[in-house]
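Report on the following structure.
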Number of protein chains: 2
Amino acid sequence: MTDLFVRKLSGLDRLNDEEVQILRGLTPQARSVDARADVIVQGSRPTSSTLLLEGLTGRYRILTDGRRQITSIDVPGDFVDLHSFPLKTMDHGVIALSACRVATAPHAELARITETQPHLTRLLWLTTLIDAAIHREWLVALGRMSALERMGHLFCELYMRLNAVGLADAQTHSFALPVTQSDVGDMLGITNVHVNRTLQDMRRRNLVTWRGATVSIPDWDGLVEVARFDASYLHQEREPR
Amino acid sequence: MTDLFVRKLSGLDRLNDEEVQILRGLTPQARSVDARADVIVQGSRPTSSTLLLEGLTGRYRILTDGRRQITSIDVPGDFVDLHSFPLKTMDHGVIALSACRVATAPHAELARITETQPHLTRLLWLTTLIDAAIHREWLVALGRMSALERMGHLFCELYMRLNAVGLADAQTHSFALPVTQSDVGDMLGITNVHVNRTLQDMRRRNLVTWRGATVSIPDWDGLVEVARFDASYLHQEREPR
DNA sequence: CGTCGGCTTGACGACTGTCAATCAAGGTGG
DNA sequence: CCACCTTGATTGACAGTCGTCAAGCCGACG
């Protein structure tokens, strides 16, 4: 169940056997979520946190007039709402961008980890801090980058994160992105119409193709340069934490 | 030294005497930082985390062509880089927006807390999660709100946060904001010129005045409505964590 | 084969950026 | 005490990225 999460944590620091055992026992039951369905409802008070096993989810807020902003995207192996454990109340919703499978970790179990497993606790904390680092990077993109730069940046980030859990093709720099152009617009803070225009610009420049549900990046170095992408904010290094 | 931080944590959950004692011993030495100086340099690997005592600081990134985005602002009582404890490397810089006084908490001390004080650890974790919640709120603002809405939202947030540590005037809804219009532009993702235009619009509507270093909000309810401000993302509730 | 959601395209408008000049205020040196 | 200088605020003209609105297209599905 938690294999991808164990893999993800192992990439951040060495785990001992006991820690791996604890993680494996954390999420007993899995369930499916339909595309477009809410995984977590804004304003709710979860008693467990949800681990994404398959599919893509997005954290989002909707303004009273209907404008929606997706503030982050989660890939398999990510907790979509680990922060609800200390925060208690969800200040945003989580939607399944595609059909998903998820598992739940009771907050009581997480509390026990914080009582007896300081190192594991720091690693759980760390994963939420990497989420925050990604939030900051998106802020830079939304505040100071053009639509083209933002879209390139998003694709670079998704490739790196999916590749880290074995869900990208490193040969062709391609990965599955089963979401609509409107969804991407809500991530980038632009309209679906402008997503389309920007995408065509990327195709003309031969930087990115997105056909069906698959994104390919034929010119990785070129895209990195256009998007000013620097992966250090993802903190994908293994070191004592 | 850590009085404001203790006050802040006390507002989130009940602290026992031992916890208060530990917090009081956390930051032995204070120092001053000039306005405009870096408090933390991007890419550095701090061995202690910095608590802000007086003044305002901002986390920021600068792109190669000079564009700058401030991704968050910290007020007295906030740790400006508690996240550097698990993250190890700073993926952004921290600048003193005004003259500041800061104190430092050695990471070794923080590690000891995670080993022996589970409840306090969860509260430290919590403060970084509130930072992340604020990041998400700024993402909604940058992605989907107009310059006027964003500026109103920033002022509402600053008032709420400063008021929580006793640094705002609740009668007049006013507080000190000793930064330049360019700084605010770098928070809102707009230019200094447009900050000025937007500010005049706010004045015309009698929503906000900003003279010298003081911001006043004569029509709080009106500003809340214009800015679509809902303080729940600040998680300023006291409950067991 | 018709319907539907999502993609694509075009015309038009507006919010915000760019460039540059002017104004205001505080600090410095003579 | 005043001329000078620097930083920040303000203003205006103009440009461009991106939003809005609306229509047409296209593949998937019942």
Side-chain angles (χ1 to χ4, degrees), chain A residues 34-37 56 63 65-69 95-99 141-154 177-205 208-215 226-227, chain B residues 34-37 56 63 65-70 95-99 141-154 176-205 208-215 226-227:
Chain A
D34 289 340
R36 310 292 172 100
L56 293 175
L63 301 182
D65 58 3
R67 288 176 284 180
R68 181 177 75 155
Q69 178 66 37
I95 189 176
L97 296 171
S98 64
L142 288 184
R144 290 305 185 197
M145 289 169 67
S146 69
L148 186 74
E149 294 171 311
R150 275 182 268 186
M151 185 176 290
H153 196 280
L154 176 64
L177 187 63
V179 306
T180 69
Q181 292 185 3
S182 288
D183 290 334
V184 169
D186 287 345
M187 298 173 202
L188 302 180
I190 58 182
T191 60
N192 57 345
V193 173
H194 202 60
V195 168
N196 190 275
R197 288 193 283 241
T198 305
L199 204 46
Q200 291 176 50
D201 193 5
M202 305 220 84
R203 289 189 195 122
R204 266 193 303 278
R205 296 168 184 243
V208 169
T209 62
W210 181 15
R211 293 290 179 198
T214 303
V215 170
V226 165
Chain B
D34 290 339
R36 310 292 171 98
L56 294 175
L63 301 182
D65 58 2
R67 286 176 287 179
R68 181 178 74 154
Q69 178 66 38
I70 294 176
I95 189 176
L97 295 171
S98 64
L142 288 184
R144 291 303 184 198
M145 288 169 66
S146 70
L148 186 75
E149 292 169 313
R150 276 182 267 186
M151 185 176 291
H153 196 279
L154 176 65
L177 188 62
V179 306
T180 68
Q181 292 185 3
S182 289
D183 290 335
V184 169
D186 288 345
M187 298 173 203
L188 302 180
I190 59 182
T191 61
N192 57 345
V193 174
H194 202 60
V195 168
N196 190 276
R197 288 194 283 240
T198 306
L199 205 45
Q200 291 177 49
D201 193 5
M202 306 220 83
R203 289 189 195 121
R204 264 193 304 277
R205 297 167 183 245
V208 169
T209 61
W210 180 15
R211 292 290 178 199
T214 303
V215 170
V226 165

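Below, chain A is the first sequence line, B the second, and so on; all start at residue 1. These figures come from a predicted structure and were not determined experimentally.
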Problem - Closest-nucleotide ordering on DNA chain D, the 5'-leading residue of A:A147 and B:T180 - result: B:T180

Exercise for the section: Using a 4.0 Å heavy-atom cut-off across all strands, classify B:R36 as base, sugar-phosphate, or nothing. Expected result: sugar-phosphate

Practice task
Describe the nucleic acid contact of B:G189 in one word from base, sugar-phosphate, nothing, applying a heavy-atom distance below 4.0 Å.
Solution key: sugar-phosphate

Identify which nucleotide among [options] has an atom closest to any side-chain atom of [X], counting heavy atoms from C-beta outward.
{"X": "B:I190", "options": "C:dG17, D:dC18, D:dA9", "value": "C:dG17"}
{"X": "B:Q181", "options": "D:dC18, C:dT8, D:dT10", "value": "D:dT10"}
{"X": "A:V193", "options": "C:dT16, C:dA11, D:dC21", "value": "D:dC21"}

Problem - Test applied, side-chain hydrogen bond (donor to acceptor under 3.5 Å, both in side chains); reference residue, A:Q181; option that passes from A:N192, A:T198, A:N196 - result: A:N196

Rounded to whole angstrom units, what separation is found between the [atom1] atom of [X] and the [atom2] atom of [N]?
{"X": "B:N196", "N": "C:dC19", "atom1": "CG", "atom2": "P", "result": "18 Å"}
{"X": "B:L199", "N": "D:dT11", "atom1": "CG", "atom2": "P", "result": "11 Å"}
{"X": "A:R150", "N": "D:dT17", "atom1": "CZ", "atom2": "P", "result": "13 Å"}
{"X": "A:Q200", "N": "C:dT8", "atom1": "CD", "atom2": "P", "result": "6 Å"}
{"X": "B:R203", "N": "D:dT11", "atom1": "CZ", "atom2": "P", "result": "8 Å"}
{"X": "A:M145", "N": "C:dG17", "atom1": "CE", "atom2": "P", "result": "16 Å"}
{"X": "A:R204", "N": "C:dT8", "atom1": "CZ", "atom2": "P", "result": "12 Å"}
{"X": "A:H194", "N": "C:dA14", "atom1": "NE2", "atom2": "P", "result": "18 Å"}

Practice task
State whether the distance check finds a donor on one side and an acceptor on the other, under 3.5 Å, for side chain A:R197 versus base D:dG19.
Solution key: yes

Handout entry: Sub-4.5 Å side-chain heavy-atom contact between A:T180 and A:D183
Key = yes

Practice task
Measure the shortest side-chain to side-chain distance between A:D201 and A:M151 over non-hydrogen atoms and say whether it is less than 4.5 angstrom.
Solution key: no

Problem - Most 5' of A:V179 and A:G143 on DNA chain C, judged by nearest nucleotide - result: A:V179

Exercise for the section: Find the distance between CD1 (B:I190) and CZ (B:R150) and round it off to the nearest 0.5 Å. Expected result: 6.0 Å

Exercise for the section: Verify whether one side chain among A:H194 and A:R197 offers a donor that lies under 3.5 Å from an acceptor in the other. Expected result: yes

Exercise for the section: Return no unless some side-chain N or O of A:T191 is found under 4.0 Å from OP1 or OP2 of D:dC18. Expected result: no

